Peer 1: 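Structure in structure tokens, see below.
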Amino acid sequence: QVQLVESGGGLVQAGGSLRLSCAASGRTFSSYLMGWFRQAPGKEREFVAAINRSGGTTYYADSVKGRFTISRDNAKNTVYLQMNSLKPEDTAVYSCAADKGYFLRATTTSYDYWGQGTQVTVSS
């Protein structure tokens, strides 16, 4: 019911910043919980951050707390991930996901729709 397209990835030096965007199709964006996940080569996809329908509640993986901020603009059907103080270990393909459920979740199987991903590379 919803299509997701990520953008904003790229190459950045350690300590730098990037802002990822995830644009959703349709007119029911505000009915979904949204999350960001990432996957590095040879590793399992891991949870990064999630946000509730209104944008008032967020949840972060310990590895990104204090550095990343998830937000959403329901009027623009867009969710964002502001990434500051980037580290080489943040290098991964970052994907946006939508959840029809009621609680913020960190597991990949909890999400119903996924974007194609955008590459983030952090050099040392």
Side-chain angles (χ1 to χ4, degrees):
Q1 191 177 33
V2 60
Q3 292 183 324
L4 307 172
V5 180
E6 302 94 335
S7 62
L11 175 64
V12 65
Q13 293 183 351
S17 298
L18 285 173
R19 189 182 75 159
L20 306 183
S21 298
C22 175
S25 66
R27 306 172 73 176
T28 59
F29 174 72
S30 63
S31 69
Y32 292 93
L33 307 173
M34 299 297 296
W36 284 97
F37 293 78
R38 66 187 183 186
Q39 186 169 25
K43 292 189 174 182
E44 302 257 342
R45 180 178 288 169
E46 66 173 347
F47 170 77
V48 175
I51 190 166
N52 74 341
R53 290 173 171 85
S54 69
T57 302
T58 57
Y59 174 48
Y60 297 93
D62 288 342
S63 59
V64 305
K65 285 181 180 177
R67 300 189 298 121
F68 291 10
T69 302
I70 187 172
S71 62
R72 68 191 296 164
D73 187 338
N74 289 341
K76 297 181 178 179
N77 280 14
T78 303
V79 62
Y80 304 95
L81 185 68
Q82 178 67 47
M83 305 185 296
N84 299 325
S85 301
L86 283 162
K87 305 174 181 180
E89 51 262 45
D90 295 319
T91 295
V93 174
Y94 284 72
S95 299
C96 179
D99 179 10
K100 295 183 290 185
Y102 294 93
F103 307 101
L104 298 184
R105 292 173 287 183
T107 57
T108 59
T109 55
S110 299
Y111 290 79
D112 301 288
Y113 303 99
W114 294 82
Q116 84 289 348
T118 185
Q119 176 70 48
V120 172
T121 302
V122 184
S123 65
S124 59

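Predicted model only: the values in this text are computed from it and were never measured. Numbering of residues begins at 1 and proceeds along the displayed sequence.
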Peer 1: When clusters are formed by joining ILVMFWY residues with side-chain heavy atoms under 4.5 Å apart, either directly or through shared neighbours, do M83 and V93 land in the same one?
Peer 2: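 Hydrophobic grouping puts M83 apart from V93.
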Peer 1: Locate the shortest heavy-atom distance separating F29 from V79; write the atom from each residue and the value.
Peer 2: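 Residues F29 and V79, closest heavy atoms: CZ-N, 4.0 Å.
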Peer 1: Considering only residues two or more places apart or on different chains, which pairs with a residue in residues 44-78 satisfy disulfide bond (SG atoms under 2.5 Å apart)?
Peer 2: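 Non-adjacent pairs meeting disulfide bond (SG atoms under 2.5 Å apart): zero.
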Peer 1: Taking atom CD of E46 and atom OG of S63, what is their separation to the nearest 0.5 Å?
Peer 2: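 That separation rounds to 5.5 Å.
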Peer 1: Would you name the heavy atoms of A92 and R38 that are closest together and state the gap between them?
Peer 2: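 Minimum heavy-atom contact is CB-CB, 3.7 Å.
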Peer 1: For the OG1 atom of T57 and the CD1 atom of I51, what is their distance to the nearest 0.5 Å?
Peer 2: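 Result: 8.5 Å between the selected atoms.
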Peer 1: Taking all heavy atoms of V2 and all of A24, pick out the closest pair and write down the distance.
Peer 2: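 Taking V2 first and A24 second, the nearest heavy atoms are CG2-CB, 3.8 Å.
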Peer 1: Per the ring-ring contact (aromatic ring centres under 6.0 Å, His included) rule, what does the pair list look like for residues 55-86, sequence neighbours excluded?
Peer 2: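 Found F47-Y59.
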Peer 1: What pair of heavy atoms forms the shortest contact from K100 to Y32, and how long is it?
Peer 2: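 For K100 and Y32, the tightest heavy-atom pair comes out as CG-CE2, 3.3 Å.
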Peer 1: Side-chain contact, heavy-atom cut-off 4.5 Å: W36 with C22?
Peer 2: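 Side-chain contact under 4.5 Å: yes.
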Peer 1: Does E89 CD have over 12 foreign heavy atoms under 6.0 Å away?
Peer 2: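 Enclosed.
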Peer 1: Closest approach of M34 and I70, non-hydrogen atoms and distance?
Peer 2: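 Answer, listing the atom of M34 first, then I70: O-CD1, 4.1 Å.
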Peer 1: What residues, two or more places apart in sequence or in another chain, satisfy salt bridge (Lys or Arg N to Asp or Glu O under 4.0 Å) together with K43?
Peer 2: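 With neighbours one apart ignored, the set is empty.
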Peer 1: Could you give all pairs that pass the disulfide bond (SG atoms under 2.5 Å apart) test and reach residues 33-78, with sequence neighbours left out?
Peer 2: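 For residues 33-78: none.
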Peer 1: Of the non-hydrogen atoms in V122 and T91, which two are nearest, and what is the gap between them?
Peer 2: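 Heavy atoms of V122 and T91 come nearest at N-OG1, 2.9 Å.
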Peer 1: Is there a salt bridge (charged side-chain N to carboxylate O under 4.0 Å, His left out) between D62 and K65 once you walk through the steps?
Peer 2: CA-CA 5 Å; D62 288 342; K65 285 181 180 177; 3.0 Å; yes
Peer 1: For the pair F37 and W114, name the ring-plane relationship: parallel under 30°, tilted 30 to 60°, perpendicular over 60°.
Peer 2: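 Tilted, since the angle between the ring planes falls between 30° and 60°.
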Peer 1: Side-chain polar contacts of residues 3-17 - donor-acceptor pairs under 3.5 angstrom, sequence neighbours left out - could you list them?
Peer 2:
from, atom 1, to, atom 2, distance (Å)
E6, OE1, Q116, N, 3.0
E6, OE1, Q116, NE2, 3.4
E6, OE1, G117, N, 2.8
E6, OE2, C96, N, 2.7
E6, OE2, G117, N, 3.3
S17, OG, N84, OD1, 2.9

Peer 1: Could you pull out all residues at least two apart from D99 that satisfy salt bridge (Lys or Arg N to Asp or Glu O under 4.0 Å)?
Peer 2: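 For D99 the salt bridge (Lys or Arg N to Asp or Glu O under 4.0 Å) partners, ignoring immediate neighbours, are R105.
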Peer 1: Any non-hydrogen side-chain atom of R53 less than 4.5 Å from a side-chain atom of L33?
Peer 2: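 Counting from C-beta outward, R53 and L33 do come under 4.5 Å.
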Peer 1: Rounded to the nearest 0.5 Å, what separation is found between the OG atom of S21 and the CZ atom of R72?
Peer 2: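 CZ of R72 is found 13.5 Å from OG of S21.
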